Number of protein chains: 2
Amino acid sequence: MTRRETHAQTRDRLVETAHRLFLSEGYNATSLDKVAAAAGYSKGAVYSNFATKHELGLAVIDVVHHERATSLTAAVGAATTVEDRLAAFTGWAETHIGDVGWTALEVEFATSHRHVEGVHEALALRRREFTGALADLMAGQAAELGVELPLPPEDAAVQLLALGIGLGVQRAFDPELPVTSLVDLLRSFLERATPTDDR
Amino acid sequence: MTRRETHAQTRDRLVETAHRLFLSEGYNATSLDKVAAAAGYSKGAVYSNFATKHELGLAVIDVVHHERATSLTAAVGAATTVEDRLAAFTGWAETHIGDVGWTALEVEFATSHRHVEGVHEALALRRREFTGALADLMAGQAAELGVELPLPPEDAAVQLLALGIGLGVQRAFDPELPVTSLVDLLRSFLERATPTDDR
DNA sequence: GTCTATAAATCGATAGAC
DNA sequence: GTCTATCGATTTATAGAC
C-alpha cells in the first residue's frame, strides 16, 4: 500500500470516528484527543490530516449531508404513488429529524463558528448546494407526478429545509415534538399544485 | 440601598452585559471573565450570583424570549387591518429573524448543552411556554379578525416557530436568505381560515 | 458581596524523534 | 506520516482576604 493510500485510510478512519463522536456527544464536547484515541491514532495523526479542528468538523458535516441526501432520495424514490411517497417521507422524517443528531450537530457547528473567518462562507456554500439538490428532488418528484409546484422549487426547498432545521433543533432537547408539520407542508404544496399540460 | 438591592442590581448588570456579549460574539466564545470585566466587576461577582455559566446563559435566554415576545406583540398589535398586520409582521421578521442574533444564540446554547443534565429540561420547558404564548397570540389575532384557523393554534405556533428558527439559523451565516416564507405561511393559514359564526 | 489570587483541568496546536 | 512530549493559552470554578 502506498503512502498516499495509508494517508487516505487514516483520514477516512478519523472522519468516521469523529462523525460518530460528534453525533453522540456533540462537537464542542469532543476533543481531538478523544477522536484520535478512539480511532486508534494519536493527536499528531489528526494534525497531519487536518489543519484545524473545524476542518475536521467540515469534513464530518459533508458526510452528514451525503447521508441525509442519499437516505432521503432512497426513501422517497422507492415509493410509487403519491400517498406512498408521503408515507415514505413521513417515516423518514420521524426517524431522521431529531432522532438522528444530524441537525443538532450541524447547527451547533454553524452557530458556534458564525464569527470564525472562512467557516461561515463554507457553510453558506454547502447550504446553497443542499438547497439546490433538494429543489431538484422536489421538482423531479413533481414532474413525475405530472404536476407543477405552486411556488418555485428553490423557495419550496428553503421552506422545507428551514422547517426541518427548526424541528430538528427543538427535538434535540424535546423529543416529544412531532414532525407532522413537515408532511403538512408537503401536502399544502400538493393541494395547491396545478396539473402539467404536456402536449 | 440594602444588601438585597445591590445584589439584584449586580445580577441585572451582569445579565445585561452577558446578553450583549453573547449576542455579538456568541455564547461559547464569551468567557465569564470578559462578562465580568465588561460589566465592571470581577469573576467572583459572577459566581456570587450564578452557580454555573449555563445558569447565566439561561437567564440571558429568558431576556431574549421576553424581548422577542414583547417586540412581536407590539409590532403586530399596533396594526388594524389584515394587510397591515401582515406587513407589520413582515417588517418585524426582516429585522428580527437573523439580523438580531437571537436565534443563533438560543440555538447555539441549546445544541451545545443538549447532553448537559438539567439544561435541556429547562430549555424544553421554555420551548413549551413560548409555543403556548405564540399559540395564544395567533388565536387572539384570528378571533379579532373573526376567523378560525385551519389547524389548532398550537400546531400553527409550532410551524411558525420552527420555520423562524430554521430561517434564523441559516441567516446567521448566509444573510441573503429571505424571510418571506414566514409571511407565506401566515398567508396560507389565512387563506384556509373559515369565518366564525358568532351568533 | 465582591475582589484577588489561584487552583485544576483541558484543549488546540507545535516541535522533534523515529 | 505518525508518535511522544510539551507548550501556551484559556477556561471554569474555588478559597480566603477585605
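We name chains A, B, ... by the order of the sequence lines, and we start the count at 1 in each one. All figures in this text were calculated on a predicted structure; none of them were measured in a lab.
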Which residues within residues 104-112 of chain A lie with some heavy atom under 4.0 Å of an atom in DNA chain D? none
May I ask you to list the residues of residues 22-41 of chain B, by number, that have any heavy atom positioned under 4.0 Å from an atom of DNA chain D? B/S31, B/L32
Rounded distance [0.5 Å steps], [atom1] in [X] versus [atom2] in [Y]:
X: B/L21; Y: B/E16; atom1: CG; atom2: CD; result: 11.0 Å
X: B/S24; Y: A/H115; atom1: OG; atom2: NE2; result: 7.5 Å
X: A/T95; Y: A/D99; atom1: OG1; atom2: CG; result: 7.0 Å

Ignoring backbone atoms, test whether B/T10 places a side-chain nitrogen or oxygen under 4.0 Å from the OP1 or OP2 oxygen of C/dG1.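 Checking B/T10 against C/dG1: no side-chain N or O falls below 4.0 Å of OP1 or OP2.
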From NZ of B/K43 over to P of D/dT11, roughly how many Å is that when rounded to an integer? 9 Å
Would you call B/R20 and B/E25 a salt bridge, using N to O less than 4.0 angstrom?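 Here B/R20 does not pair with B/E25 in a salt bridge, since their nearest N and O are not under 4.0 Å apart.
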Less than 6.0 Å separating the ring centroids of A/Y27 and A/H113?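 So the answer is yes for these two rings.
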Residue pairs involving residues 129-150 of chain B (criterion side chain to side chain donor-acceptor pair (under 3.5 Å); sequence neighbours excluded): B/R85-B/Q141, B/R85-B/E144
Return the residues of residues 47-59 of chain A meeting this criterion: a heavy atom under 4.0 Å from some atom of DNA chain C. Order them by number, or give none.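 Nucleic-acid contacts, sorted: A/Y47, A/T52, A/K53.
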Result block: side-chain N/O donor-acceptor pairs under 3.5 angstrom for residues 156-167 of chain B, not counting sequence neighbours:
none

Using the six-membered ring of A/F109, assess whether NZ or CZ of A/R114 lies under 6.0 Å from its centre and within 45 degrees of the ring axis.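 No - A/R114 does not lie over the ring of A/F109 by the 6.0 Å and 45° rule.
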From the list C/dA13, C/dT6, D/dG1, which nucleotide is the closest neighbour of the side chain of A/H7?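 Per side-chain heavy atoms of A/H7, the pick is D/dG1.
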Not counting sequence neighbours, list each pair that qualifies as a salt bridge (charged side-chain N to carboxylate O under 4.0 Å, His left out) and has a residue in residues 50-62 of chain A.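 Salt bridge (charged side-chain N to carboxylate O under 4.0 Å, His left out) check on residues 50-62 of chain A returns A/D62-A/R126.
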Would you check if there is a donor-acceptor pair between the side chains of B/D155 and A/S181 at a distance under 3.5 Å? no
